[in-house]
Amino acid sequence: MAYWLVKSEPDAWSWDQQVKRGTKGEMWSGVRNHTAKQNLMKMKKGDRAFFYHSNIGKEIVGIVEVIREHYPDPTDDTQKFVVVDVKAVEPVPQPVTLAAIKAEPRLKDMALLKYSRLSVQPVTDAEWKTICRMGGIK
DNA sequence: GCCAACGTTGGC
DNA sequence: GCCAACGTTGGC
């Protein structure tokens, strides 16, 4: 199983809204970047991703699971981009802030810090474990 | 509100 | 095909 991190501005789509969708999940639409698209296409059913609030909060607030692999984005007129469906799995009890990630030496190579504008990013197993521990997840 | 990073567009 | 101009994202 692979790990990922997806970003959303809470004004546009927040963790609370994701949770309200329940097990039905919601498509992760609006990606208009080719690197992010490549990552979406690598996602497999059952993969997990951190849900990060950009701009407002700037913290990891929850974990989602991929429940449907990539298919064409219906909101994309050009037919070039794709979406996956994700459902909320569990909240992060103590949200992990960007500041905390920057302060943690083991996370210095995270894509979040290196490619801050990339909205769908891979996360390594080690990074995943570190952040879970910081967030109070067993 | 500003600005750095970076992707995209368009003139040549 | 190069590169300057411009737009967008996202941290501060």
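A, B, ... follow the sequence lines: proteins, then strands. Residue 1 opens every chain.
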Engineer: Taking all non-hydrogen atoms of both residues into account, name the closest pair between A:Leu112 and A:Ile101 and its distance.
Structural biologist: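 Between these two residues, the closest heavy atoms are CD2-CD1, 3.7 Å.
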Engineer: Side chains of A:Leu107 and A:Met134: does their closest heavy-atom pair fall under 4.5 Å?
Structural biologist: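 Counting from C-beta outward, A:Leu107 and A:Met134 do come under 4.5 Å.
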Engineer: Are a donor atom and an acceptor atom from the side chains of A:Thr75 and A:Arg32 found within less than 3.5 Å of each other?
Structural biologist: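 Yes, A:Arg32 and A:Thr75 have a side-chain donor paired with an acceptor closer than 3.5 Å.
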Engineer: Should the ring pair A:Trp28 and A:Phe51 be called parallel, tilted or perpendicular, given that the plane angle runs from 0 to 90° and is split at 30 and 60?
Structural biologist: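 Ring orientation of A:Trp28 relative to A:Phe51: perpendicular.
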Engineer: At a heavy-atom distance below 4.0 Å, which nucleotide of DNA chain C is the first touched by chain A, and which is the last?
Structural biologist: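 Result: C:dG7 to C:dC12.
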Engineer: Report the residues that fulfil side chain to side chain contact (heavy atoms under 4.5 Å, CB included) with A:Val19, sequence neighbours left out, ordered by chain and then residue number.
Structural biologist: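 A:Trp15, A:Ala88.
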